[in-house]
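Taking it in order: structure first as structure tokens, then the write-up.
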Amino acid sequence: MKVLLFGLIAEKAGSDHMEIPATSTADLDRQLQDRIRGLKGLSYSIAIDRTIVHGDRALSGSEEIAVLPPFAGG
Amino acid sequence: MKVLLFGLIAEKAGSDHMEIPATSTADLDRQLQDRIRGLKGLSYSIAIDRTIVHGDRALSGSEEIAVLPPFAGG
Amino acid sequence: MSEAKKHKVKDIFVEGAIDPTFVSESIAKHATRMDIGAHEIFLGQVRADAIEGRAVVAIEYTAYREMALERMTDIREEAFTRWPEMTCLHVHHSLGSIAAGQLCFMVFASAAHRKQAREAVAWVVDSVKEQLPIFGKEILSDNDHVWKRNA
Amino acid sequence: MSEAKKHKVKDIFVEGAIDPTFVSESIAKHATRMDIGAHEIFLGQVRADAIEGRAVVAIEYTAYREMALERMTDIREEAFTRWPEMTCLHVHHSLGSIAAGQLCFMVFASAAHRKQAREAVAWVVDSVKEQLPIFGKEILSDNDHVWKRNA
């Protein structure tokens, strides 16, 4: 599935998105940390269909997934 | 002494000032009520030298006296 | 020390309504202040309240100017003491006839962070309404009038 | 029912800095609203903070637009519920590179009386900062950068 990356995370990844075949957010986390150097020490949230989720969630593959560093609006 | 009148009080008096020889604010109040029809039912404050005073105060005649209806700024 | 912190007596009164472009010009002047992160602005607009079936078409403002400017100087000084991060405070109030829909009052504070600007504006707006001897004659649609009083 | 109360998804984002004249134009548009007595405006300005001896010269803002606009629609709807006297709420945020001293954020509420406009602006400003996925890259005077994060 396509995973959207923003701000510092996109900078670390060198791209604003990645194709990651993840079955859950925990699985997604592991794969992101494998593929993005330095991600583990960073603070970030996962949004599914534009809402931030906490804890592990199953993913069907049809969701809109985004990885969000700390917000800085205003 | 010259007494400055504002807003509704000036309207009732038909002038923005009056000459009143008062020896205290209580004396001033009595003279104002004699001279300005309808004043007694109104809410107003007395300022001496640009500060509102409460209770009876002696007046020497050199003060700047003002009669102030309710404020309506803003 | 900034201009605003000298606490000299400033004239807050302007004849007629406050033009919206006056607000944008005030904002633009702060673009050189690199320590400002937040501006908070309050604007009072004349409301066409209905009074016994007649609409307010304008308010005619008058003031006891000398006392108002003294109280304003005290309010300004206290505001800079209470909110030391505040860099600028601008207050303007109209005199004369201000039509419904026009602006009659502006309080504009700037600070490094939003909390001090926000609190300062709220307190200054309330203090001006309570303490400044400003009087308002509400002109009604039938040319009658009533004297406004702050609650 | 006013435009603002329809709660449709509005685009809050503008490319580049917010011009002070945009603020005055927004103000001027309310001169026909006879039920408005108070406008409260918050403006965020890019601050030239010193970071390890280097000044911030600009912030480059990016956003997850679709999520930001959904969260903003929710915030707007809740604001009109909490402050039913509020007649209008306008929110704009910059994207792209905004130089120190320029404006990047505006929240503008109008109401019959000041209390509702004041409270709504404070809450909306805080909600936008907390909930909208907006990211800021602070460009330093030596061309290095750091990523801003709201406290």
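Treat the numbers as computed from the prediction; the structure is a model and nothing was measured. Order of the sequence lines fixes the chain letters, A, B, ..., with proteins taken first and strands second; residue numbering starts at 1 for each chain.
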Open item on the list: Less than 4.5 Å to any heavy atom of chain C: does that hold for the side chain of D/E40, its backbone, both, or neither?
Closed with: both
Task: Side chain, backbone, both or neither of C/K129 within contact of chain D (heavy atoms, under 4.5 Å) - done: side chain
Open item on the list: Please classify the contact between C/A112 and chain D as side chain, backbone, both or neither, with a heavy-atom cut-off of under 4.5 Å.
Closed with: both
TODO: Name the option with the most non-hydrogen atom pairs under 4.5 Å to chain C; the candidates are D/A122, D/G37, D/C104.
DONE: D/G37
TODO: May I ask you to name which of C/A38, C/S110, C/A117, C/A99 has the most heavy-atom pairs under 4.5 Å with chain D?
DONE: C/A38
Open item on the list: In the structure I gave you, are the side-chain heavy atoms of D/D126 and C/R118 within less than 4.5 Å of one another anywhere?
Closed with: yes
Task: Minimal non-hydrogen separation, C/S24 against D/P20, with atom names - done: CB-O, 3.1 Å
Open item on the list: Please classify the contact between C/V46 and chain D as side chain, backbone, both or neither, with a heavy-atom cut-off of under 4.5 Å.
Closed with: backbone
Open item on the list: Counting only heavy atoms from other residues, nucleotides and ligands, does the tally under 6.0 Å from CZ of D/R149 exceed 12?
Closed with: no
Open item on the list: Please classify the contact of C/D19 with chain D as side chain, backbone, both or neither, using a heavy-atom distance under 4.5 Å.
Closed with: neither
- [ ] May I ask you to name which of D/V23, D/T21, D/I36 has the most heavy-atom pairs under 4.5 Å with chain C?
- [x] D/I36
TODO: Among the options C/K115, C/E25, C/H30, C/M106, pick out the one with the most heavy-atom pairs lying under 4.5 Å from chain D.
DONE: C/H30
Task: Nearest heavy-atom neighbours spanning C/M34 and D/G101 - done: SD-N, 4.0 Å
- [ ] Look up atom CG in C/L103 and atom CD1 in D/I27, then write down how far apart they are to the nearest 0.5 Å.
- [x] 6.5 Å
Open item on the list: Taking C/R33's backbone N and O only, do any of them form a donor-acceptor pair with D/Q45's side chain (distance below 3.5 Å, no angle check)?
Closed with: yes
